[in-house]
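When reading the values below, keep in mind they use all heavy atoms of this one structure, side chains included, and skip hydrogens, waters and symmetry mates.
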Amino acid sequence: MSTTIRTGVLAALAVAGLTAGAALTAAPAGAAPKAAPRFLTASQLPPHPSGWTAGPVTDGVPVELEYCFGEALLAYDIRHRDFRTDLETNAQQIVVVVGDSAKADALARRLDREVRRCALRAGADPEIEAEYRTYGTLPVEEGARVHAVHTRAAWGAMDINLTSVGRDGGTVTLVRWGQMGDFSDAPVKAFKKTTTTAVDKLY
């Protein structure tokens, strides 16, 4: 099922993505500390002709995700990893350790809403159109949801972004993949596999 939105979007918008980081909470006295969540590796991204290079896991929200998700993540410590190819394709993963399942569920739901809301919010530029689609949910841990946003500029530039948000207990992860193109260029099946891996391997 898909939902279409046509609205103005800022030309620089690379909509998608969700974010996640780590707000580690102290373990109860006498309890063994929980292992840090694991991130995707380059080989777990949708295949690309030039291959992927994974950056280090670092603190903070990636620049590509600040516009859409920065406000939703202000209260959290975020960790992320960037991924690059030799061409224009790139990706990011964010992990947020909330610690409380109910609060993590609320954050995941908000990040899902922000994908669509981001396109609506950026309607100030009449020369950009954005089309949103949802690709449904995935049955991994506490669940994950996959979104897509295609932006088209009046001067011809086009971008396609896939974003997913998933949760394992009190931890939320967001994965974004983006490149030039439209919906026909989006590796939806492979991205769903990447999302399932991202949530499943957190712990």
Side-chain angles (χ1 to χ4, degrees), residues 2 9-21 37-69 78-96 111-112 114-115 118-119 128-141 144-153 155-166 168 172-202:
S2 68
V9 178
L10 297 179
L13 182 62
V15 182
L18 296 88
T19 60
R38 295 177 296 162
F39 282 73
L40 290 166
T41 62
S43 65
Q44 293 167 330
L45 273 289
H48 190 276
S50 71
W52 289 92
T53 299
V57 175
T58 56
D59 295 332
V61 179
V63 172
E64 294 87 345
L65 301 178
E66 286 182 351
Y67 179 79
C68 291
F69 308 107
I78 309 300
R79 305 207 80 203
H80 76 273
R81 170 172 276 175
D82 291 317
F83 301 87
R84 295 283 183 265
T85 67
D86 290 340
L87 301 175
E88 78 282 356
T89 310
N90 62 87
Q92 297 81 36
Q93 181 186 11
I94 293 173
V95 174
V96 185
L111 292 175
D112 279 325
E114 291 299 331
V115 181
C118 187
I128 302 293
E129 285 188 341
E131 183 178 350
Y132 166 86
R133 293 181 183 178
T134 175
Y135 288 112
T137 58
L138 301 174
V140 55
E141 299 299 341
R145 185 176 293 275
V146 179
H147 314 265
V149 175
H150 171 232
T151 57
R152 179 192 298 271
W155 55 90
M158 294 193 303
D159 291 289
I160 180 66
N161 289 270
L162 297 174
T163 301
S164 61
V165 180
D168 182 354
V172 177
T173 188
L174 181 151
V175 182
R176 173 201 164 270
W177 171 99
Q179 70 171 35
M180 294 173 61
D182 57 25
F183 288 110
S184 66
D185 301 302
V188 176
K189 183 176 180 180
F191 186 75
K192 286 184 175 182
K193 182 178 180 181
T194 293
T195 296
T196 298
T197 300
V199 177
D200 195 45
K201 75 175 293 185
L202 285 171

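- Here the shortest heavy-atom pairing between Lys201 and Phe39 reads NZ-O, 2.9 Å.
- Between atom CG of residue Asp159 and atom CD of residue Glu88 there is a gap of 8.5 Å, rounded to the nearest 0.5 Å.
- Heavy-atom minimum distance, Gly178 versus Asn161: CA-OD1, 3.6 Å.
- Counting heavy-atom neighbours within 6.0 Å of Arg84 CZ, excluding the residue itself, gives a total above 12.
- Under a cut-off of 6.0 angstrom, the local environment of NZ in Lys193 is sparse, with at most 12 non-hydrogen atoms contributed by other residues, nucleotides or ligands.
- Across all non-hydrogen atoms, the minimal contact from Phe83 to Leu40 is CZ-O, 3.5 Å.
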Worksheet entry | Chi angles and distances behind the side chain to side chain contact (heavy atoms under 4.5 Å, CB included) call for Trp155, Ile128 | CA-CA 9 Å; Trp155 55 90; Ile128 302 293; 3.7 Å; yes
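- Of the possible polar contacts, none joining the Asp200 side chain to the Ala198 backbone as a donor-acceptor pair under 3.5 Å is found.
- Here the rule is side chain to side chain contact (heavy atoms under 4.5 Å, CB included) with Ile78, and of Val61, Leu65, Asp59, Thr58 only Val61 fits it.
- Side-chain N or O atoms of Ser164 include none that pairs as donor or acceptor with a backbone N or O of Thr195 at under 3.5 Å.
- Of all heavy-atom pairs between His48 and Leu87, the closest is CE1-CD1, 3.7 Å.
- Counting non-hydrogen atoms of other residues, nucleotides and ligands closer than 6.0 Å to CE of Met180 gives a total of 12 or fewer.
- Checked options Leu111, Leu202, Val199; the residue passing with Val172 is Leu111 (criterion: side chain to side chain contact (heavy atoms under 4.5 Å, CB included)).
- Of all heavy-atom pairs between Phe191 and Val175, the closest is CZ-O, 3.5 Å.
- In terms of heavy-atom proximity, Asp86 sits nearest to Ser50 at N-OG, 3.2 Å.
- Between Ile160 and His150, the closest side-chain pair of non-hydrogen atoms falls below 4.5 Å.
- With rounding to the nearest 0.5 angstrom, the CD atom of Glu141 is 10.5 Å from the OG1 atom of Thr196.
- Salt-bridge annotation for Glu114 and Arg176: absent, with no side-chain N of the basic residue lying under 4.0 Å from a carboxylate O of the acidic one.
- A donor-acceptor contact shorter than 3.5 Å is absent between the side chain of Trp177 and the backbone of Thr89.
- In terms of the salt bridge (Lys or Arg N to Asp or Glu O under 4.0 Å) criterion, Arg81 has no residue partners (sequence neighbours excluded).
- Note that CG of Asp82 is 5.5 Å distant from CD of Glu64, once rounded to the nearest 0.5 Å.
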